[in-house]
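This one's a predicted model, so the numbers in the text were calculated from it and none came from an experiment. Order of the sequence lines fixes the chain letters, A, B, ..., with proteins taken first and strands second; residue numbering starts at 1 for each chain.
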Amino acid sequence: MGIREAIAVALGTLRAHKLRSFLTLLGVIISVCTLVAVVAMVQGVNTYVGSKIARLGSNIFSVSQFSLNEMTNPVRFMRARETNPIIRYQDYQFLRANARLPRAIGAQTQRTGTVKHNGRSLDEVNISGVTPNVLGMSAFQVANGRFLAPTDEQRRAYVAFVGPDIVTHLFGGANPLGRHILVSGQQYEIIGVATAQGDVFGQSQDNFVMIPLRTYQKIYGNQDSITLDVQARGARLLPATMDEMEMLMRVRRHLSWNEKNNFGIIGSDALMTLWHTLTGAIASVMVGVSFVFLVVGGIVIMNIMLAAVTERTQEVGMRKAVGARRSDILWQFLVESAVLSTVGGLIGVLLAYLFTLAAGALTPIPFSLPLGAVVLAVVISTLVGLFFGVYPASKAARLTPIAALHSEV
Amino acid sequence: MATPTIHQPSATTATPYAGDREVVIRTENLWKIYQMGSEQVAALRGVNLQIYRNEYVAIMGPSGSGKSTLMNLIGCLDSPTRGEYWLSGHLVSALDDDELARIRNQEIGFVFQTFNLLPRTSALHNVELPLIYSGAPPAERTERAMAALQQVDLGSRVHHKPNELSGGQRQRVAIARALVNRPSIILADEPTGNLDSTTSNEIMALLEVLWERGNTIVLVTHEHDIAEHAHRVIHIRDGQVAGDTRTRRGDAVANRPPAPPA
């Protein structure tokens, strides 16, 4: 019996028992759906985060108290807290005075706090002290009014550039320019409003108040470490600029040749690497879970195939009587089992596709169906069907034609 | 493969037919012993038979007589414990599983009491089934299956599924399936057991037509009326041949010149 007849027989059986087949296939459907959806999600989120990181500004990296490596490992972080001094305003001035390669060096530091206006208040607002030149290096833009100016910095003025959330929540959408907000007991005049950036993973990007860095330090002291944003003059100069910053920081900290950096230099590629490690961990857990589903799905298929063999004992007998060999019967049931689980795989892919469509419509993340994962999932589901079909099929093939024909069903 | 020798009936074997006609089935001292727990039960105790080409034979016997066992052996569904069985010159009692499958495919056309059609498949495809297992190309398959269905007067119902056909029509599909590979014998196991008497007569008439076209028919039944349609009746009792007689119809056709091959 050729493969086409075998597949036709298998599809016929599938059509005849639609509900039963569907229930049988749930395991495979869920597992393939999870597998494909997770890969699609991870890829989509990676693309999204990649584009967000790229939007932070081109050729920008930061110098901070801790390296990524230290920030992502509790043990290393505890150690680094002892060894890495905070980055101070003086460090910023030193770098600005001595660096020759960067186009600009900005500085910022932040904390969260409550912002009040006229009896209303907004919690968990990101309060940043920034230098005026961070405007060109960050994602936000001025929608209304102006950004912080160098004179605000010099005067340590009580002025604030705010995110649209502040306007919506505290001013009910009315023009806030020239009006005042209260942050940590200090009044600030609003001089500008940023354009809306929306959410990233449900986290509003518009919930901030920016004040001059020197004003920030006057109010909150200088014990918060500063992060320096450095912009290179172009992609080709980025590595050299990073080297220069590292060198200058080491000089400033008087590190000898055999001492490690006690600060961090974080480029967008390092951020991407970190991100991939995170999503990779999530993906591998989900893939593991979906394989468990797959094994369960395979066992269910084996069970239903065993039932099918019993149910169709007479059919097997008749086929043998008209000339089917053992191998023909084996082949028939193997193909049936494989077709069954492949159909499950295809349904799973379809569901995953619908999922990515829905997720793509509801979130800003660009989901797409990863072709490699689709092919892999379908091939794996076929193999599962073949593997778990072996026992039922060999049971069918071993039926003697007499026993098969005379069984009363 | 077995030698293609055609065994002529030996002088010691009693047979109602004399002459030099070709032997299709020949069994010699056929035994079948089943192991039932610790006991051995002999279902067949040395059966000797000869059936010639274009004979119409009924095998009769009450249940438990060994009739079914004999049919299984003749149909190559089972192997004898002892003895030899020659079918169209092949010593089939010595063949393994796959070779038996090939013999069943090429040499035997089965007709069952319960029709045993594939339920969700058209009449045409049901009839094609033996051709699929013999590896015939699709175009030839369809052509031959159509021809077989026309032989049983179902040329107009080839695309009907079994549940769209009457009992008699279903059995005719099964007969077409039995015919399609041009087997040496058509082996019908209680072919009318599930049919009413009118339809039974129809089916028996069809078998008669097939015989006239040159087919060899072996009918297994426990009903006298049905056996009377055959030309020769072999009675089985206690695992042995208890009688071998020519029926009235047999007498009638014996006095007729043999039918030309189909």
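Between chain A and the residues B:Leu118, B:Leu100, B:Asp189, B:Ile108, the most heavy-atom pairs under 4.5 angstrom are made by B:Leu118. Taking B:Thr121, B:Leu117, B:Asn116 one by one and counting their heavy-atom pairs under 4.5 Å with chain A, the maximum is reached by B:Asn116. Of all the listed residues (A:Gly317, A:Ala16, A:Ala8, A:Ser327), the one sharing the greatest number of non-hydrogen pairs under 4.5 Å with chain B is A:Ala16.
Contact detail for A:Ala324 and B:Ala101: the closest heavy-atom pair is O-CB, 3.6 Å.
Side chains of A:Thr13 and B:Arg120 form a contact here, defined as non-hydrogen atoms less than 4.5 Å apart. By the 4.5 Å heavy-atom criterion applied to side chains, A:Met318 and B:Leu129 are counted as neighbours. No side-chain heavy atom of A:Val322 sits under 4.5 Å from any side-chain heavy atom of B:Arg104.
Using a 4.0 Å cut-off between a side-chain N of Lys or Arg and a carboxylate O of Asp or Glu, A:Arg326 and B:Asp97 qualify as a salt bridge.
For B:Asn72, the part sitting under 4.5 Å from any heavy atom of chain A is the side chain, from C-beta outward, and nothing else.
If you check the side chains of B:Tyr133 and A:Arg325, you find no donor sitting under 3.5 Å from an acceptor.
Between the CG atom of B:Asp98 and the CG atom of A:Asp328 there is a distance of 8.5 Å, given to the nearest 0.5 Å. Separating the CD1 atom in A:Ile402 from the CG atom in B:Leu77 is a distance of 6.0 Å, to the nearest 0.5 Å.
Residue B:Gln35 qualifies as enclosed at atom CD: its count of foreign heavy atoms under 6.0 Å is above 12. Dense packing is recorded around OH of B:Tyr85, with more than 12 heavy atoms of other residues, nucleotides or ligands lying under 6.0 Å away. For B:Arg237, the CZ atom is loosely surrounded, since the number of other residues' heavy atoms within 6.0 Å does not exceed 12. Within 6.0 Å of the OH atom in B:Tyr34, the count of heavy atoms belonging to other residues, nucleotides or ligands exceeds 12.
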